[in-house]
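Beneath this line is the structure, given in structure tokens, with notes to follow.
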2 protein chains.
Amino acid sequence: MTQISSPPKSLSVDKVDTSYLQTLIGYNSRRAALAVISVFMERMAAFGLRPVDFSVMSVITHNPGVTSRQLCSSLNILPPNLVGLIQSLEAQGLLERQAHPHDGRAVGLHPTSKGVTLMKQAEATASELEMEVGSKLTPTQVQTLVHLLQKIYL
Amino acid sequence: MTQISSPPKSLSVDKVDTSYLQTLIGYNSRRAALAVISVFMERMAAFGLRPVDFSVMSVITHNPGVTSRQLCSSLNILPPNLVGLIQSLEAQGLLERQAHPHDGRAVGLHPTSKGVTLMKQAEATASELEMEVGSKLTPTQVQTLVHLLQKIYL
DNA sequence: TATTGTTATACTCTATAACTATA
DNA sequence: TATAGTTATAGAGTATAACAATA
């Protein structure tokens, strides 16, 4: 370990100033995402779902027959990282893989009735959390926030 | 591998609908953060800084004498994960560790002149990027977005 | 030749337990 | 007893290269 120089040539910091970082959209959106998602994780643990599991199952439920490649594109997941995830959800009986109607390479992903039931509850829970988070804001502000965020990444 | 059932009982999906996920603040803020930060990473690579290095050096530069513990609290980093980071920045000659004026356990972190110079350029680059990202929004919208995000996580 | 799904693997990030030196 | 800094390590997340089957 490097030796600490001495004597001290400055005073201590009482309150840390992060005002510069707080001007950055990337910093603020990351901090907000982490704050919301940490609570989201706690709630979804009751369903055995991580955030990425929730996203994948949500897209499959709303888009029966969607392919792995389409999931990767829409959720920004790399194909190799989706494989184990799909296998796990299939093993849990939440989705089924079916032959794609007109592409022998692809596989259509379909929610099972168990998956549909679970996601109905999970999405209801997510929407509840959304209202809690949104309670820090007015309904209009929530709408504005979502709209502005989408202008950034879409 | 599980056998794929047949025959297919559904059509293929042409356009993936992610409208439900897009109602969630957590989902949108995460996607926005990833989009902005990926560009941020490219720009900061020129300075040899990852996002977390930038954040740490920025706080140290604006708060000379700040302790590791204070850094951890303000940036939501776990102490064990900060150790190697600080050592690396010190090895690069960007910061110095000095005895804390009135706490023998703590160490004050100070930017070197090299660190100050680097951060001046890095923050200028970050602010340039901020304007580019912000060009998708009006200046008022950027201000609104930042304000709303802070209401979520602060 | 290009694309889908897959395997193997490496790398980074994040988290937990436990230790020391000092308050 | 509590806190700052540290060590070791485990786990999760993310990334690239390469392959077989199909378009």
Side-chain angles (χ1 to χ4, degrees), chain A residues 1-4 6 8 12-13 16 30-31 33-35 37-38 41-42 44-45 48-56 60 65-90 95 97-109, chain B residues 1-4 6 8 12-13 16 30-31 33-35 37-38 41-42 44-45 48-56 60 65-90 95 97-109:
Chain A
M1 180 50 51
T2 308
Q3 201 61 23
I4 299 171
S6 58
S12 59
V13 174
V16 179
R30 173 142 209 274
R31 292 299 299 265
L34 289 174
I37 291 172
S38 72
M41 284 175 65
E42 295 171 11
M44 286 304 141
L49 298 173
R50 295 165 304 164
V52 66
D53 298 317
F54 176 89
S55 297
V56 166
I60 292 174
V66 68
T67 68
S68 290
R69 188 61 62 155
Q70 287 176 312
L71 269 177
C72 287
S73 301
S74 24
L75 296 177
N76 203 25
I77 299 172
L78 291 171
N81 298 331
L82 187 64
V83 175
L85 210 153
I86 293 295
Q87 288 174 346
S88 169
L89 293 171
E90 186 184 23
L95 64 81
R97 308 181 336 126
Q98 295 176 7
H100 192 280
H102 53 269
D103 188 337
R105 299 168 303 180
V107 178
L109 302 171
Chain B
M1 179 50 53
T2 310
Q3 200 63 21
I4 299 171
S6 58
S12 59
V13 174
V16 178
R30 173 142 210 274
R31 291 299 299 265
L34 289 174
I37 291 172
S38 71
M41 285 175 65
E42 295 170 11
M44 286 304 141
L49 299 172
R50 295 165 303 164
V52 67
D53 298 315
F54 176 89
S55 298
V56 166
I60 292 174
V66 69
T67 68
S68 290
R69 190 60 62 156
Q70 288 177 312
L71 269 177
C72 287
S73 300
S74 25
L75 296 177
N76 203 25
I77 299 173
L78 292 172
N81 299 331
L82 186 65
V83 176
L85 210 154
I86 294 294
Q87 288 174 346
S88 169
L89 293 171
E90 186 184 24
L95 64 82
R97 305 177 343 122
Q98 296 177 7
H100 191 279
H102 52 270
D103 189 336
R105 299 168 301 179
V107 179
L109 302 172

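First the proteins, then the strands, lettered A, B, ... as listed; each starts at 1.
As rounded to whole Å, 13 Å separates atom P of C/dT4 from atom CG of A/Leu82. To the nearest angstrom, P of C/dA15 lies 15 Å from CZ of A/Arg50. Distance, A/Met41 CE to C/dT14 C1': 10 Å, rounded to whole Å. At whole-Å resolution of the value, CZ in B/Arg97 and P in D/dG5 are 9 Å apart. Atom CG of A/Asp103 is separated from atom C1' of C/dA2 by 12 Å (rounded to the nearest Å). For the pair B/Asn81 CG and D/dG11 P, the interatomic distance rounds to 16 Å; values are reported in whole Å. For the pair B/Leu95 CG and D/dG5 P, the computed distance is 13 Å after rounding to whole Å. Atom CD of A/Gln98 and atom P of C/dG5 are 14 Å apart (whole Å).
Contact of the A/Ile77 side chain with the A/Val56 side chain is registered, since non-hydrogen atoms from C-beta on lie closer than 4.5 Å. For the pair B/Arg97/B/Leu109, a side-chain contact is recorded, criterion being any heavy-atom separation below 4.5 Å from C-beta on.
Between B/Leu34 and B/Ile86, the residue anchored closer to the 5' end of DNA chain D is B/Ile86, taking for each the nucleotide with the nearest heavy atom. Along DNA chain C, the nucleotide closest to A/Arg69 and the one closest to B/Arg105 are compared, and the more 5′ of them pairs with A/Arg69. Each of A/Asn76 and A/Gly104 lies near DNA chain D, and the nucleotide nearest A/Asn76 is the one positioned closer to the 5' end.
A side-chain donor-acceptor contact under 3.5 Å links B/Ser55 to the backbone of B/Pro51.
The two residues B/Val16 and A/Ser74 make their nearest non-hydrogen contact at CG1-OG, 3.6 Å. Contact record, A/Gly65 with B/Val13: C-CG2, 3.7 Å, taken as the closest heavy-atom pair.
The side chain of A/Leu78 sits closest to D/dT16 out of D/dT16, D/dT6, D/dG5. Counting only heavy atoms from C-beta on, B/Pro80 has its side chain closest to D/dA8 among D/dA8, D/dT3, C/dT6.
Applying the 4.0 Å criterion to OP1 and OP2 of D/dT7, one finds that B/Gln87 has a side-chain N or O inside that range.
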